[in-house]
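Contents: one structure, followed by commentary.
By convention here, the first residue in the shown sequence is residue 1. Given the structure is predicted, the values throughout are model-derived calculations rather than measurements. The basis for the numbers below is simple: all heavy atoms, side chains too, and nothing from hydrogens, waters or symmetry mates.
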Amino acid sequence: MATLTHPTSQTHLFTKLSLKPKKFTSPSRIRMALQENAPSLAVVGVTGAVGQEFLSVLSDRDFPYRSIKMLASKRSAGKQLTFQDRNYTIEELTEDSFDGVDIALFSAGGSISKHFGPVAVEKGSVVVDNSSAFRMEEGIPLVIPEVNPEAMEGIKVGTGKGALIANPNCSTIICLMAATPLHKHAKVIRMVVSTYQAASGAGAAAMEELELQTREVMEGKPPTCNIFKQQYAFNLFSHNAPILSNGYNEEEMKLVKETRKIWNDMNVKVTATCIRVPVMRAHAESVNLQFEKPIDEHTAKDILKSAPGVVVIDDRASNHFPTPLEVSNKDDVAVGRIRRDVSQDGYKGLDIFVCGDQIRKGAALNAIQIAEMLL
């Protein structure tokens, strides 16, 4: 199991965002990653928080590639970027960008994905899309590699046939990394989720505004409210996604619908309340589970300890449980507060608390893991 450590400061969390000083360098990895017989890559939305994290994860995991295109909007075109000791010029995204591209990693928003995703597929690229554009479309796999790898069976690079694979929403990924191993053991019939979501989910500009607001409030100045239209520092509020006719917001319904699709179970009951909290880049979630079969907390803890991509932090004696800071810039999702739900009869209910890095496992890492399965 991975050992989690605290980053030294909140400022450390911003090192992933700045384009100018960003250098992904490691000579040993370059020799391993840059290979003539490896796939060609394109990163769409490379200047954004997730786009930058794509590069970080590609480097960290020695992902093999023979070439890589850095794609962004016309506004960013022409800027320079250094990746693994090589200088790249950011190119404007156009319909010609995908000629000769094997794998295209998208994180530039739903409208960009809807337009350019099918273009890339038509040209033979396998698209891994981080937006919500295709998640609920029938026939398009919605994949968490540790949870439902079988959903993308038969899709590989090198066949000349394009395909589209959707990356789930960050809160869904983080929740199901912990809930699925328990679901496979005792079958979840109802899940109640309360999320505490970080600024990173709204992008780099939201992270920067949270830092700015914190300084402004501490100095007695009125906070700058361009992203969320209300004070974020030292505050929390209902998730900023649009409210639907049923009273849920879009973020909450993503959790409901995506869980059913990923688990291939239209009967599982899911409800969610999503809250934005003044945390930089890692989400936390309180998850209540009701099971068809009995499962006690000791069995649950053993199952989670052996689950891939999960680390258990559950020290009751010292009151030490997962925190967003502990999982920031980490690959694993942390789970703790594992206990029997005393409101349910027998051993058919559990409460757990989950934390995961929203930019990493909640977005970029999951996408790169999908790409690894294509090789």
Side-chain angles (χ1 to χ4, degrees), residues 45 48-50 53 106-114 129-137 140 142-144 147 166-180 190-207 209-210 225-232 235-263 268-289 324 327 333 352-364 366-367:
V50 175
E53 199 73 15
F106 273 67
S107 189
S111 60
I112 296 294
S113 292
K114 282 181 180 178
D129 181 45
N130 191 54
S131 80
S132 60
F134 304 104
R135 288 175 186 155
M136 297 311 300
E137 284 199 14
I140 292 181
L142 183 65
V143 177
I144 305 171
V147 172
N167 218 29
N169 191 42
C170 48
S171 54
T172 305
I173 294 173
I174 291 165
C175 176
L176 296 192
M177 283 292 293
T180 301
R190 184 170 187 260
M191 181 167 70
V192 182
V193 185
S194 298
T195 73
Y196 313 93
Q197 296 185 222
S200 57
M207 297 173 77
E209 184 165 287
L210 175 56
C225 300
N226 294 326
I227 306 299
F228 294 117
K229 311 305 178 187
Q230 60 184 308
Q231 182 175 321
Y232 191 18
N235 193 22
L236 56 82
F237 45 81
S238 182
H239 194 282
N240 48 292
I243 302 293
L244 305 173
S245 60
N246 64 0
Y248 286 72
N249 63 42
E250 286 184 357
E251 186 79 1
E252 292 158 352
M253 289 309 298
K254 286 176 186 176
L255 239 170
V256 174
K257 294 176 181 178
E258 291 177 21
T259 296
R260 290 172 176 166
K261 181 173 180 176
I262 292 166
W263 280 357
V268 64
K269 297 176 181 178
V270 181
T271 186
T273 301
C274 295
I275 303 297
R276 190 73 77 181
V277 297
V279 169
M280 207 55 78
R281 59 171 290 156
H283 290 350
E285 305 184 23
S286 170
V287 184
N288 175 265
L289 300 164
V327 299
V333 168
I352 60 175
F353 186 68
V354 188
C355 287
D357 188 303
Q358 180 273 329
I359 309 178
R360 206 159 175 93
K361 182 55 185 172
N366 198 77

I need the [X] [atom1] to [Y] [atom2] distance, nearest 0.5 Å.
{"X": "Met253", "Y": "Ile243", "atom1": "CE", "atom2": "CD1", "value": "12.0 Å"}
{"X": "Thr259", "Y": "Met191", "atom1": "OG1", "atom2": "CE", "value": "4.0 Å"}
{"X": "Ile144", "Y": "Ile262", "atom1": "CD1", "atom2": "CD1", "value": "4.0 Å"}
{"X": "Leu236", "Y": "Gln231", "atom1": "CG", "atom2": "CD", "value": "11.5 Å"}
{"X": "Glu252", "Y": "Thr273", "atom1": "CD", "atom2": "OG1", "value": "5.5 Å"}
{"X": "Cys170", "Y": "Leu255", "atom1": "SG", "atom2": "CG", "value": "9.0 Å"}

What heavy-atom pair brings [X] and [Y] nearest, and what distance separates the two atoms?
{"X": "Pro168", "Y": "Asn366", "value": "CD-ND2, 3.8 Å"}
{"X": "Lys269", "Y": "Arg260", "value": "CA-NH2, 4.4 Å"}
{"X": "Ala179", "Y": "Leu289", "value": "CB-CD2, 4.3 Å"}

If only atom types and distance count, is the side chain of [X] paired as donor or acceptor with the main-chain N or O of [Y] below 3.5 Å?
{"X": "His283", "Y": "Ala198", "answer": "yes"}
{"X": "Tyr248", "Y": "Val256", "answer": "no"}
{"X": "Glu251", "Y": "Cys274", "answer": "no"}

Do the side chains of [Y] and [X] get nearer than 4.5 Å, heavy atoms only?
{"X": "Glu250", "Y": "Leu244", "result": "yes"}
{"X": "Phe106", "Y": "Ser131", "result": "no"}
{"X": "Lys261", "Y": "Thr172", "result": "no"}
{"X": "Phe237", "Y": "Gln230", "result": "yes"}
{"X": "Glu285", "Y": "Ser171", "result": "yes"}

Result for side-chain contact (heavy atoms from CB on, under 4.5 Å) between Val287 and one of Ile174, Ile352, Thr195, Val192 points to Ile352
Tested for side-chain hydrogen bond (donor to acceptor under 3.5 Å, both in side chains) against Ser200, the lone hit among Gln358, Arg360, Arg281 is Gln358
Could you tell me if Ser286 and Tyr196 have a donor-acceptor pair between their side chains, going purely by distance under 3.5 Å? no
Who pairs with Ser107 by side chain to side chain donor-acceptor pair (under 3.5 Å), at least two apart in sequence or on another chain? Asn130
